[in-house]
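Working notes, structure below.
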Amino acid sequence: MTFVITTPLYYVNDKPHLGSVYTTIICDSIARYKRLVGEDVLFITGVDEHGLKIQRKANEMGIEPKSHCDEISKVFNTNWENWDISFDKFIRTSSNNHKLIVNEFYERVKSSDDIYMGVQKGWYCVGCEEFKDNPENSSTYKCPIHQKNLEWKNEENLFFRLSKYQKEIEEIINQPSFIEPIERRNEIINFVAKGLKDFSISRTNVSWGIPVPDHDKHTFYVWFDALLGYVSAMNSDTKDNSLEKSINKGWPADIHLIGKDILRFHAVYWPAMLISADMKVPKKVLGHGFLTREGQKMGKSLGNVLDPDLLLSKYGNDPVRWYLIKDISLGNDGDFQDKRFVDIINNDLANTIGNLLNRTSSMSRKWFDNKVPNNEKILGENKLKFYAKNAVKNYIQHFNIYKLDLAANEVLSLAINTNLYLNNNQPWVLIKEKDNLPLVKEIIYNVLESTRIIGLLLLPLVPELSSKINEQLGSIYKEEIPWEQQLSWGILVSNSILPKPNPIINKLEYE
Ligand SMILES: [Zn+2]
């Protein structure tokens with residue numbers, strides 16, 4: 001069984017914004033976790049390149065759409081490498097083997113008698129690449145998201161018989177595990193209850209798209225094309241991609257992680273298209289919230305867009321990851337606040353975790369000849385062992401249901417408890433009496449061992465920081481031994497050498 005997780009295929013009108021970075025980091029964290037617990041993971045990301053918006057953007061710049069897409073898709077690829085994203089596949093929807101999949105899929109849907117020619121009339125937002133339901137109700141005829149004028153369209157299009165799948169879609173969206181979080185599910189249930197309408201899957205005025213076979217001037221509607229990118233990505237490295245081969249690589253997807261604005265496409269249109277083509281529907285669609293900045297919506301006109309490149313170069317990967325994963329409950333909206341960011345990183349990572357490791361390792365080196373103390377009570381029970389066991393258990397439970405913020409908080413709680421244990425026991429006082437030596441050894445060992453487990457639990461969340469903690473404890477993590485096995489208590493070896501302490505994370509300054 002392959003665990004398939006996808007980011008949205010990002011639209012190439014611009015370089016990645018903070019929202020795309022957020023989605024991709026969450027997917028990366030889940031993919032890393034799944035690999036650690038022994039699953040065979042296929043982590044898919046990529047870019048959605050077709051459509052009127054891209055065609056116009058390229059025209060404005062006086063270049064071919066293809067060269068624009070080449071450039072921006074390269075930017076995305078490099079970006080994910082800079083963020084150390086562990087994706088397995090990067091799909092471009094302008095690639096030839098994606099086109100093969102779209103054509104084959106279309107043939108299947110056609111043979112299910114789900115395609116017909118009709119006339120599409122309505123108000124269209126090019127930014128959304130979507131017809132808007134009732135613009136008559138608004139006085140402005142503007143897209144509520146883009147605040148741009150809608151365009152009237154009246155053209156012959158090919159339609160997909162979405163209405164035929166009303167019952168199937170109702171059944172799917174009523175499964176509690178299909179759409180998360182629950183508030184999002186209710187929105188979709190209400191939308192579907194109004195009755196599904198067929199939707200057009202081709203355009204006649206868009207040249208930058210995949211041509212529809214046997215229909216001159218028609219190209220596939222960008223969403224019909226883009227959603228199939230998830231399937232074509234599965235087997236994208238061969239020149240003769242086919243639906244069967246892609247499916248055999250592990251379709252259906254286990255999770256589509258997306259922003260809440262594109263939930264309808266993923267939870268309604270997409271499953272219906274798949275059923276029509278006799279394919280399995282994804283197991284879960286997880287719609288996350290939007291990011292604001294200091295409580296305000298980010299936008300070019302407001303001039304408050306937070307550039308993820310700047311964040312990365314200024315603070316590094318781990319602090320941004322930790323903030324986005326720990327401070328935002330997946331599914332809810334999140335707010336990026338500079339002061340809060342600095343405070344969280346300094347408190348959680350620098351003080352609570354970094355400082356704990358640094359001072360305990362220094363004491364151990366000073367008192368025990370640069371080594372981990374020889375603890376004769378490793379097998380016995382102690383408070384920290386109890387805390388660690390619980391933290392591991394809860395962490396795994398949370399991660400398994402994608403409550404990444406709660407998993408991160410478990411690690412932090414363990415670190416807080418470990419600091420308390422150290423402060424309550426005061427080994428720096430005890431060491432003054434020779435008789436206390438066995439007790440001091442036990443205390444220091446327990447704290448170092450707890451820190452080792454903290455480091456391991458951080459591996460899917462903040463990988464760089466995790467490996468720094470591991471290095472500081474003598475690099476004892478072994479990739480060939482199952483990760484979960486290494487989470488048990490007592491693996492740190494008595495008398496093993498402790499490297500010279502280095503701060504694992506620097507404190508940030510608030511400007
Ligand atoms: Zn729009």
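Note that ligands are numbered from 1 as they come in the structure, with each ligand's atoms numbered from 1 the same way. Below, each value reflects all heavy atoms present in this structure, side chains not excepted, and no hydrogens, waters or symmetry copies.
- For Asp343, the salt bridge (charged side-chain N to carboxylate O under 4.0 Å, His left out) test picks out Lys339, with sequence neighbours left out.
- Considering only residues two or more places apart in sequence or on other chains, Tyr402 meets the ring-ring contact (aromatic ring centres under 6.0 Å, His included) condition with none of them.
- Ring pair Phe341/Tyr315: centre-to-centre distance below 6.0 Å.
- For the atom pair CD of Glu130 and OH of Tyr221, the computed distance is 6.0 Å after rounding to the nearest 0.5 Å.
- For the Zn ion (ligand 1), the neighbouring protein N/O/S atoms at less than 2.8 Å, given as residue and atom, are Cys125 SG, Cys128 SG, Cys143 SG, His146 ND1.
- Identified under the ring-ring contact (aromatic ring centres under 6.0 Å, His included) test for residues 283-311, with sequence neighbours left out: Tyr22-His288.
- When ring centroids are compared, Phe160 and Phe224 stay outside the 6.0 Å threshold.
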